[in-house]
Amino acid sequence: MLAGEDITSLLHRHVDGDREALDQLIPLVYSELHRIAGAQLRRENREHTLQPTALINEAWMRLAKGRMPQLENRAHFLGIAAQAMRQILVDHARRRKAGKRDGGLKVELNPGIAADKQPDDALLALDGALKILERNDPGKARLVEMRFFGGFTAEETAEILQLTVDSVRGQLRMAQAWLRREMVNEINPDVANPDNKTRT
Amino acid sequence: MEQWNQVEELFLAAAELAEPARSVFLERHASPELRREVESLLLYDSSNTQPFATIIEESAVSMAPQHRPAFGWRYD
């Protein structure tokens, strides 16, 4: 485990545009989030529900070791944590699919979800579409991560990123429509583009 | 990038309009190419499709041990 000053200096380097700092931060935040989520899921409270935002805040408290973080650092951290949450879910979906192909029993399926509604394919398609969006418009991809993987409300996202709520809502609306079309297009190109025109 | 921004602007404005005002708006403000793009995106606008968040939420819930909700996402 790194000391508090290490994560703060990594965040500083990331803010200054150091790509390597991000490569170190993501796995650090990933493992911390994973550890906290795992510990909470092992508790015997059947009603217990994890809030991604609560997980992220707890990870921040632990990693920053109680130091008073600069606001700018915190915003960057929350964005990175939302990215790590996305990675946790995507990795889980990939592992489970691999397990199924092996005929293995590595992960217990939730019987509450019907077999034809397994969300893994949809999640992986969303992840693939997000990767394309990242290249076209990285800002929107980050917003989608904050909102949907980090669990932050539109208002919280606006506050963290210092945008107006209207801007966040508008950008998310556009991003979602684009992503949905991209996901459908991946599965069935003729449905997504009936006139067979190239997408923007 | 400029076209991407134009598409977003037209999409958001058109999304607030009902037909026939939407068609009139796009006829007036968009080239045929932009209009096709915007209309294609409008088919996938939030009011027309399954909640986007469901995908992520179902995936998260299925991570949990049996019968136990894993994550509680808040969406407005």
Side-chain angles (χ1 to χ4, degrees), chain A residues 37 41-42 45-55 85-86 88-90 92-93 96 107-113 117-120 122-123 125-126 136-137 140 144 147-149 151-155 170-174 176-184 192-195 197 199-200, chain B residues 1-18 22-23 25-26 29-76:
Chain A
L41 284 173
R42 279 191 296 276
N45 178 5
R46 296 181 75 82
E47 299 306 313
H48 197 83
T49 300
L50 300 182
Q51 293 279 356
T53 42
L55 281 180
M85 290 294 292
R86 169 183 167 194
I88 287 172
L89 291 177
V90 167
H92 180 79
R96 184 160 54 194
V107 181
E108 299 242 0
L109 294 177
N110 186 333
I113 294 175
K117 278 189 72 192
Q118 285 303 335
D120 295 340
L123 183 82
L126 170 61
N136 291 343
D137 193 336
K140 279 194 185 54
V144 169
R147 181 77 185 84
F148 294 104
F149 289 95
F152 296 100
T153 63
E155 287 78 6
Q171 291 199 65
L172 282 171
R173 189 171 187 176
M174 166 75 176
Q176 286 181 82
W178 190 91
L179 287 166
R180 284 195 195 99
R181 188 180 63 178
E182 195 64 31
M183 289 164 70
V184 171
N193 285 307
D195 56 358
K197 290 282 169 194
R199 282 159 293 125
T200 306
Chain B
M1 197 61 204
E2 193 192 331
Q3 199 196 15
W4 173 255
N5 291 337
Q6 271 180 305
V7 167
E8 179 171 351
E9 209 174 295
L10 290 166
F11 166 80
L12 291 175
E16 295 299 326
L17 301 172
R22 181 182 279 185
S23 291
F25 171 81
L26 288 173
H29 294 98
S31 66
E33 188 195 356
L34 282 179
R35 182 177 177 171
R36 264 197 305 276
E37 173 65 9
V38 171
E39 283 178 338
S40 156
L41 282 171
L42 286 167
L43 291 176
Y44 295 90
D45 190 28
S46 38
S47 52
N48 294 331
T49 45
Q50 176 202 19
F52 185 67
T54 316
I55 297 167
I56 299 164
E57 193 159 341
E58 281 182 358
S59 178
V61 167
S62 70
M63 278 176 78
Q66 296 189 356
H67 302 302
R68 201 188 296 175
F71 291 85
W73 260 257
R74 298 164 296 153
Y75 296 109
D76 46 36

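Just so it is clear, the structure is predicted and the values come from calculations on it, not from any experiment. To find a chain, count down the sequence lines: A is the first, B the second, and so on, and within it residues start at 1.
When the side chain to side chain donor-acceptor pair (under 3.5 Å) test is applied to B:Ser23, the partners found at least two apart in sequence or on another chain are B:Glu19. For B:Glu2, there are no salt bridge (charged side-chain N to carboxylate O under 4.0 Å, His left out) partners, not counting sequence neighbours.
One distance of note links CD of B:Glu37 with CZ of A:Arg181; it measures 4.0 Å at 0.5 Å rounding. Atom-to-atom distance recorded for A:Met174:CE and B:Leu12:CG is 7.5 Å, nearest 0.5 angstrom.
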Fill in: A:Glu182 vs B:Tyr44, side-chain contact (heavy atoms from CB on, under 4.5 Å): CA-CA, chis, key distance, verdict
CA-CA 10 Å; A:Glu182 195 64 31; B:Tyr44 295 90; over 6 Å; no

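For the residue pair A:Asp137 and B:Trp4, a side-chain donor N or O sits within less than 3.5 Å of a side-chain acceptor on the partner.
Nearest heavy atom pair, residue B:Asp45 against residue A:Arg180, reads C-NH1, 3.7 Å.
Interface residue B:Leu41: backbone and side-chain heavy atoms are both found under 4.5 Å from chain A.
Residue-environment remark: CD (B:Glu9) stays at or below the threshold of 12 foreign heavy atoms within 6.0 Å.
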